[in-house]
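Encoded as structure tokens, the structure appears first; notes follow it.
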Amino acid sequence: MKIIHSIEELRAWRATVGTVAFVPTMGNLHAGHMTLIDAARKEAEHIVVSIFVNRLQFGQGEDFEVYPRTLEQDAALIAAQGGVDVIFAPDEKVLYPKVIQQYQVEPPAIQDELCGAFRPGHFRGVATVVTKLFNIVQPNVACFGKKDYQQLFVIKSMVEDLNQPVKIVSVDTGRAADGLALSSRNGYLSAAHKLEATRIYHHLSRMKAAIEAGERDYERLSAETTGDLLARGWVSVDYVEMRNALTLKPAAVTDHQLVILIAARLGHTRLIDNIEISL
Ligand code: PAF
């Protein structure tokens, strides 16, 4: 396994190999990322994992400065997992040599909804860095986790709209035994908050069961969840929303493919999760 830091070296390697599956990450890897690598293994002859903490997708006051940079530990985890050919870990000045990225990829209105309403510019930053990484790595396939459901939606529609020649593979959310969605940001949680954080999955499962049993008052379900989280000391609930899983538009009672999405803040940590429903 090679660790490559420069675009030139990555391109030179890419020119010598066949099909490539790509797993873009910001590092600080955990078992959830390993499920992305496992999915990638089924898709192509070679695998590239990128590790890059992308300043463009962090807003003011967010955790860009403190986001854990753990390249050595990440490389050891990837090596133990096996099957990855290249870790692409560029410095900031390699991807953003002019400091300010002048040409950016502007997603449509969905970028201002759900997480985008609370993180202005976030999805522009994601779409821009993913496009740059696609241009550099030139993968045949790229794997993204469903935990970041809106990100996955933005990337799928970007690839379609811009005719980027990359097949996007959606990978189910990795969960701890108690249901907590695996996330690098779980590392910010105290032991007590880690236990409390499982309440998100508990509510998602509860709402899913209710909808499967015929409940269609989505506003009531959402308000119950918000009320319970706030009563238990969660700092804020950004949203609890039922959406059409295919379009991410607000769910209509006649929709058959739904997704319930939650974002809420526990202590200083903002957690997101979601669950799909097929009726
Ligand atoms: O999901 C992530 O880790 C990031 O948003 C991504 C896709 C690597 C872009 O920086």
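Side chains included, hydrogens not; waters and symmetry mates left out as well; all remaining heavy atoms used. Read the numbers this way: they start at 1 and go in the same order the structure lists the ligands and their atoms.
- The pair Lys156-Glu160 fails the salt-bridge criterion, with no side-chain N (NZ, NE, NH1 or NH2) lying under 4.0 Å from an Asp/Glu carboxylate O.
- For the residues His122, Gln57, Met26, the heavy atom positioned nearest atom 9 (C) of ligand 1 is part of Gln57.
- Contact check on Asp178 versus Arg199 returns no salt bridge, with no Lys/Arg side-chain nitrogen under 4.0 Å from an Asp/Glu carboxylate oxygen.
- Close approach of ligand 1 to Gln151 is summarised as follows: ligand atoms under 4.0 Å from at least one heavy atom of the residue are 1 (O), 2 (C), 4 (C), 5 (O), 7 (C).
- In summary, the atoms of ligand 1 found under 4.0 Å from a heavy atom of Thr25, numbered by their order in the structure, are 8 (C).
- By the 4.0 Å N-to-carboxylate-O rule, Lys147 lies too far from Asp273 to be salt-bridged with it.
- Interface atoms of ligand 1 facing Pro24, defined by a heavy-atom separation under 4.0 Å, are 8 (C).
- Counting heavy atoms closer than 4.0 Å to ligand 1, residue Ile155 contributes nothing at all.
- Cation-pi geometry between Arg69 and Phe64 is satisfied (NZ or CZ under 6.0 Å from the ring centre, within 45° of the ring normal).
- The atoms of ligand 1 that sit less than 4.0 Å from any heavy atom of Val129 are 9 (C), 10 (O).
- We find that Glu276 and Lys146 are joined by a salt bridge, their nearest charged nitrogen and carboxylate oxygen being less than 4.0 Å apart.
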